[in-house]
Amino acid sequence: MDKILIRGGIPLKGEIPISGAKNAALPLMAASLLTEETLTLSNLPHLADISTMARLLGETGVEISMNGFAPNGGHTGRVFALTACREGETTAPYDLVRTMRASILVLGPLLARQGEAKVSLPGGCAIGTRPVDLHLKGLSQLGAEIELDGGYVNAKAPKGLTGAHITFPQVSVGATENLLMAATLAKGETVLANAAREPEVSDLANCLVAMGAQIEGIGTDTLRVQGIERLHSADYAVLPDRIETGTYAAAAAITGGSLELVGARAELMEAVIDALRESGVTVEETARGLRVTRDGQLRGVDAITEPFPGFPTDMQAQFMALMAVADGASLITETIFENRFMHVPELCRMGASINVHHQASAIVRGVSELSGAEVMATDLRASVSLVLAGLAAKGETLINRVYHLDRGYERLEDKLSACGARIERIKG
Ligand code: EPZ
């Protein structure tokens, strides 16, 4: 297994192109199942999860033609033309679903267009139990008959789905996306109340509108969908990755450097920008994106994760790495997932002072310096928080289980080393 070696202590300077958002790209790819016409997606990031989704869609009859990198060095990402021309293959098998929970996103569109779907239950994962009950309950409310058998969800709607008023008891990005896709082909009106407002949900909704869907309330917590009989082809560019942006902003901040994040959009990440500014980091909009600079001392700032527009859970680990070297203390509270502090013991091995209380909040007492160590993490954002710590630490940091990083960060070592970081991949 590959490892990443970092020799820390270099302030990063330069520019980093921001890739298309993984968490927007995955549901957008699943949306191709809603029509027999071609959905062309551009600005797709080059990531392991995107390849997994492509394989899964291939299993369910989608033909995909790929156009490598766009000419300007990957700034506009890959282009996929996805055509769900073959009907009849409606199974998402366990061996693919278990590697990527977002596979559950094929359930709504398969069921809506083909009247049946068999999708493996994803099971738990490192950051929490992550059930899919809200997806299943919502689809039942649209008239689907759902049975769980042998680890699979068997869903049927032989006469099609019917619109309904669905109020989510808790905000869920994935359930909102699954139900939104299903509702576009349901008979009559569907209202999704207490819907997730994450930019990736709006990106999906905008793409569905480009495919002919009738959706009102995009960007709000109430989505109103008038179902139609068929969707059609569209060309759509995936929005920039706000979590990748936030991660590289934290890299500039933790190393005391200055990075221009090309293609970044401030309105996708105001809570993160507010927290960075409060901690003493300068964030300015430029003609091409955002510039993030830190030249003074970092200050401890509290953060609590919440659904959008609150502070994102997917930035919690990275912000904690930053707070580990700030002046004073910071209280970081995780409200979305029950087990998302796995980076804490590893950061402590690098010299951080962090105490976790009831798996819900962490008190970070800033230290003057971290020191390099051999570390590993069990999920994507936890792993990248160790990269950030390694960039600031004295000495060498060796990060194991790099495959987590490859799921969500395109060309991480290239992007960082182009800005002066001493970082290399050791093939294993
Ligand atoms: C999406 O996951 C993202 N993944 C996650 O990104 C992100 O952390 C999360 O949203 C929250 O922003 C993708 O978009 C592919 P949820 P999702 O449904 O949709 C509970 C990353 O690092 N819940 O909003 O799975 C659930 O257990 C990843 O890129 C139920 O109880 O998240 C969690 O506590 C990790 N029942 C909360 O809701 C359900 O049926 C929010 O989960 C569904 C969810």
Side-chain angles (χ1 to χ4, degrees), residues 19-31 45 47-50 52-53 56 97 99-108 119 121-141 146 148 153 166 168-181 192 194-204 221 238-239 241-247 268-269 271-272 305-319 334-340 342-343 359-360 377-385 404-410:
S19 299
K22 164 181 82 86
N23 289 348
L26 295 171
L28 286 169
M29 289 171 72
L47 297 171
D49 275 10
I50 300 298
T52 305
M53 182 58 99
L56 179 61
V97 176
T99 64
M100 189 184 67
R101 294 182 51 83
S103 307
I104 194 73
L105 293 171
V106 302
L107 180 62
V119 178
L121 278 166
C125 80
I127 60 177
T129 50
R130 301 182 76 185
V132 290
D133 55 320
L134 303 176
H135 302 238
L136 304 188
K137 187 159 176 253
L139 290 170
S140 310
Q141 286 175 269
I146 294 185
L148 301 184
V153 180
I166 296 168
F168 294 107
Q170 148 182 18
V171 177
S172 163
V173 173
T176 303
E177 292 167 343
N178 234 336
L179 271 291
L180 181 62
M181 288 188 276
L192 302 176
N194 198 25
R197 287 184 283 163
E198 268 63 8
E200 295 75 19
V201 175
S202 302
D203 212 36
L204 172 65
D221 66 358
V238 181
L239 94 172
D241 195 320
R242 65 194 165 103
I243 306 301
E244 189 195 31
T245 307
T247 303
L268 304 179
M269 45 183 296
V272 171
T305 64
E306 285 170 335
F308 190 84
F311 190 95
T313 174
D314 290 347
M315 273 300 297
Q316 180 257 107
Q318 301 90 311
F319 193 68
E334 172 61 54
T335 72
I336 307 293
F337 291 109
E338 66 265 33
N339 188 27
R340 214 174 192 185
M342 283 154 313
H343 41 288
Q359 278 306 313
T378 40
D379 86 283
L380 167 61
R381 311 301 171 186
S383 299
V384 89
S385 79
H404 288 300
L405 292 169
D406 293 335
R407 292 186 59 180
Y409 289 92
E410 180 175 358

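Numbers here simply count residues along the sequence, with the first being 1. Values below: every heavy atom of this structure, side chains too, minus hydrogens, waters and symmetry copies. Counting starts at 1 for both ligands and their atoms, in listed order.
- Considering only non-hydrogen protein atoms, atom 22 (O) of ligand 1 sits nearest to Arg381 NE, 2.9 Å.
- Neither the backbone nor the side chain of Glu177 has any atom closer than 4.0 Å to an atom of ligand 1 (non-hydrogen atoms only).
- The closest protein non-hydrogen atom to atom 36 (N) of ligand 1 is Asp133 OD1, 2.7 Å.
- Of the possible donor and acceptor atoms, one in the side chain of Asn178 sits under 3.5 Å from a partner among the backbone N and O of Ile104.
- Close contacts between ligand 1 and Val132 involve ligand atoms 39 (C), 40 (O) [criterion: under 4.0 Å to a heavy atom].
- Looking only at distances, a side-chain donor or acceptor of Glu198 sits under 3.5 Å from a matching main-chain atom of Phe308.
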Note to self: One pair to check against salt bridge (charged side-chain N to carboxylate O under 4.0 Å, His left out): Arg197 and Asp221. What are the steps and the verdict?
What the structure shows: CA-CA 6 Å; Arg197 287 184 283 163; Asp221 66 358; 5.2 Å; no

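- For atom 32 (O) of ligand 1, the closest heavy atom belonging to the protein is Phe337 CZ, 4.0 Å.
- The Lys22 neighbourhood of ligand 1 comprises atoms 21 (C), 29 (O), with distances under 4.0 Å to a heavy atom of that residue.
- Near Ile336, meaning under 4.0 Å from one of its heavy atoms, ligand 1 places the atoms 33 (C), 34 (O), 37 (C), 41 (C).
- When Leu136, Leu134, Asn178, Leu105 are checked for heavy-atom proximity to atom 40 (O) of ligand 1, Leu134 turns out nearest.
- By the criterion of a heavy-atom distance under 4.0 Å, both the backbone and the side chain of Arg130 are placed next to ligand 1.
- When only non-hydrogen protein atoms are considered, atom 24 (O) of ligand 1 lies nearest to Val173 N, 2.7 Å.
- Using a 4.0 Å cut-off between heavy atoms, Thr313 contacts ligand 1 through its side chain alone, with no backbone atom that close.
- Considering backbone and side-chain atoms alike, Arg340 places an N or O below 3.5 Å from some N or O of ligand 1.
- The closest side-chain heavy-atom distance from Leu136 to Leu148 is below 4.5 Å.
- For the side chain to side chain contact (heavy atoms under 4.5 Å, CB included) with Met100, the qualifying choice from Leu105, Ile50, Thr52 is Thr52, the only one to do so.
- Every residue two or more places apart in sequence or in another chain that forms a side-chain hydrogen bond (donor to acceptor under 3.5 Å, both in side chains) with Glu200 is listed here: Arg242.
- By the side-chain hydrogen bond (donor to acceptor under 3.5 Å, both in side chains) test, Thr305 pairs with Glu334, sequence neighbours left out.
- For atom 13 (C) of ligand 1, the choice among Ile104, Asn23, Leu26 with the nearest heavy atom turns out to be Asn23.
- A distance-only check finds a donor-acceptor pair linking the side chain of Asp203 to the backbone of Leu239 [under 3.5 Å].
- No salt bridge links Asp49 with Arg101; every basic N to acidic carboxylate O contact stays at or beyond 4.0 Å.
- One N or O on the side chain of Thr176 and one on the backbone of Ala196 form a donor-acceptor pair closer than 3.5 Å.
- Arg101 does not count as a contact of ligand 1, since none of its heavy atoms falls under 4.0 Å from the ligand.
- Residue Gln170 has at least one heavy-atom neighbour below 4.0 Å for each of these atoms of ligand 1: 20 (C), 31 (O), 37 (C), 38 (O).
- The protein heavy-atom contact nearest to atom 8 (O) of ligand 1 is Asp314 OD1, 2.6 Å.
- Remark: distances from the non-hydrogen atoms of Ala175 to ligand 1 are all 4.0 Å or more.
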Notebook entry, point to check: Where do Arg381 and Arg340 land on the side chain to side chain contact (heavy atoms under 4.5 Å, CB included) test, with the steps shown first?
Noted result: CA-CA 9 Å; Arg381 311 301 171 186; Arg340 214 174 192 185; 3.4 Å; yes

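- Side-chain atoms of Asn339 come within 3.5 Å of backbone N or O of Ala126 as a donor-acceptor pair.
- Nearest-heavy-atom check against atom 39 (C) of ligand 1 across Pro131, Ser172, Ala21 picks out Pro131.
- Atoms of ligand 1 lying under 4.0 Å from any heavy atom of His135, numbered from 1 in the order shown and given with element: 40 (O).
- Listed by number with element, the atoms of ligand 1 under 4.0 Å from a non-hydrogen atom of Gly174 are 18 (O), 19 (O).
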